[in-house]
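Worksheet: the structure to be examined is printed underneath.
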There are 2 protein chains.
Amino acid sequence: MNPSKILNALISENLVSDPNGARGRLLKEAARLFRDKGYERTTVRDLAAAVGIQSGSLFHHFRTKEEILKAVMVETIRLNTALMQAAVDAAPTSQEKLRALVRAELESVNGQTGEAMAVLVFEWRSLAEESQADVLELRDIYEKLWLDTLEALRQEGRLLAEPFVVRRMLTGALSWTVTWYRPERGGLTLDGLTDQIMAMMGFAPGI
Amino acid sequence: MNPSKILNALISENLVSDPNGARGRLLKEAARLFRDKGYERTTVRDLAAAVGIQSGSLFHHFRTKEEILKAVMVETIRLNTALMQAAVDAAPTSQEKLRALVRAELESVNGQTGEAMAVLVFEWRSLAEESQADVLELRDIYEKLWLDTLEALRQEGRLLAEPFVVRRMLTGALSWTVTWYRPERGGLTLDGLTDQIMAMMGFAPGI
DNA sequence: CGATACCAAGCAAGCGCTTGGTTTGTAAAC
DNA sequence: GTTTACAAACCAAGCGCTTGCTTGGTATCG
């Protein structure tokens, strides 16, 4: 299953919005604005202007501004969970599964859904507590993929540290790439960066 | 040189504010509020109430709200650069230097200056661009300590990945601990966590 | 007496969101 | 194939509130 097929499947199940539809376009612009200026600094007037409507008209689609933030986060997690699942399933060995996860998360953070992923990381506190609980529930599915893979490597004696600590470290490290990694400026490719991260943990490429 | 001596030296040089003075107390409360609620959600009325004065009186000490944010960041970097420098100087080998840096940064992030460090990471975008440049300059001194140590390990063949990538990964990973590491809840101690991080990079403890 | 630290009051601007009404898309009724 | 009905999508205007910051004046203290 390739990425765009996964996206289409989720759209037809109404789990994520079609990026061509009105709702999907707004969420995409919202993600970009939230990342660039932060949730609080982004006004409903900014959001409305980004899709070419009046600020009041936003509230026909969403009841509150926060509901927009939540929608960005929920849909992003849904999409990325599906992408991660596919990446894991396609890899045969534990080490290759880990590499696939690292590579997939780097792609989420720095590729198409990068804006939304950055929002997920940096705007967490702007989400009301009740909403946080809902999103956390979705995140657990996502995290289990990582922990299962790391646990397997640990069993094989290829990993010295505890899986849950490693996962948390990787979460921070991978999310942080959004602040400095600029593939378009030449230098490191996504695969090259993935290799570096694996090497940092003592996994030489292609073993 | 122990931590509190370093702090006192910086205070007497007027590089950081005395936490017992009016300015220092405000900066401490500001760091806490900025971390807990975010810069934008923290009002000048919140800040004033935290130190028991009227909101208008704040502007006797700082010209703008943003100046408070900048002061929190600048003083935090100054203090932590000094702490890191001491940690590196005290360690004999490269690996021990790295461990000392990891340990020191974990302590910065999760200890006394934890609130301010979290602000440094998560409220970066709230700082006006001119101020960002000033703070970045200070950060470079700090970063050089890391890069020199990592470069030495690389030379010794103990590190497979490139130093600058490793440093950026560690920045993300170590900063991120602030979102999940809770030593008071039992479980992992700071030293234990440091060991785990070293182990993750293939450095077994005590070698 | 002068500087420093503060208070009480409030201004101008910007915020999220509401309101009442108009346009647009769609599909059945004639 | 035009008319009618109706909901969804949107606009124009603005309300009520909060925001960062200012102002003019008053304590406090060396």
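Below, read A as the first sequence line, B as the second, and so on, with proteins coming before strands; counting in each chain starts at 1.
Counting only distance, with no hydrogens or angles, the side chain of B:Y39 and the backbone of B:F122 share no donor-acceptor pair below 3.5 Å.
Taking for each of A:R45 and A:Q54 the nucleotide of DNA chain D with the nearest heavy atom, the 5'-most of the two is the partner of A:Q54. If A:G56 and A:T43 are placed on DNA chain C by their nearest nucleotide, the residue sitting closer to the 5' end is A:T43. Both A:D46 and A:R63 sit near DNA chain C, but only A:D46 has its closest nucleotide nearer the 5' end.
When the P atom of D:dT23 is taken as reference, atom CG of B:L58 falls 17 Å away, rounded to whole Å. As a whole-Å value, the separation of B:H61 NE2 from D:dC21 P is 15 Å. Residue A:L47 contributes atom CG, which lies 13 Å from atom C1' of C:dC17 at whole-angstrom precision. One interatomic measurement links the two molecules: NZ of A:K37 to C1' of C:dC15, which rounds to 13 Å at whole-angstrom precision. Across the protein-nucleic acid pair, A:K65 atom NZ and C:dC17 atom C1' stand 12 Å apart, rounded to whole Å. Atom CD1 in B:I68 sits roughly 11 Å away from atom C1' in D:dG20 (whole-Å rounding). Put simply, CZ on A:F59 is 15 Å from C1' on D:dA13, counting in whole angstrom units. For the pair B:L69 CG and D:dG20 P, the computed distance is 13 Å after rounding to whole Å.
Among the atoms of the strands shown, only primed sugar atoms or phosphate atoms (P, OP1, OP2) are found under 4.0 Å from some heavy atom of A:T64.
Nearest to the side-chain atoms of B:I53 among the listed nucleotides D:dC21, C:dC6, D:dC10 stands C:dC6.
For the pair B:S57 and C:dC7, the criterion of a side-chain N or O lying under 4.0 Å from OP1 or OP2 is met. Not one side-chain nitrogen or oxygen of B:H60 sits closer than 4.0 Å to the OP1 or OP2 atom of D:dT22.
Residues B:T179 and A:W124 form no side-chain contact, since every pair of their non-hydrogen atoms from C-beta on lies 4.5 Å or further apart. Taking the side chain as every heavy atom from C-beta outward, B:R154 and B:V166 never approach each other to under 4.5 Å.
Residues B:G38 and A:R125 come closest through the heavy atom pair CA-NH2, 3.6 Å.
B:E29 and B:R25 are not joined by a salt bridge, as no carboxylate oxygen comes within less than 4.0 angstrom of a charged side-chain nitrogen.
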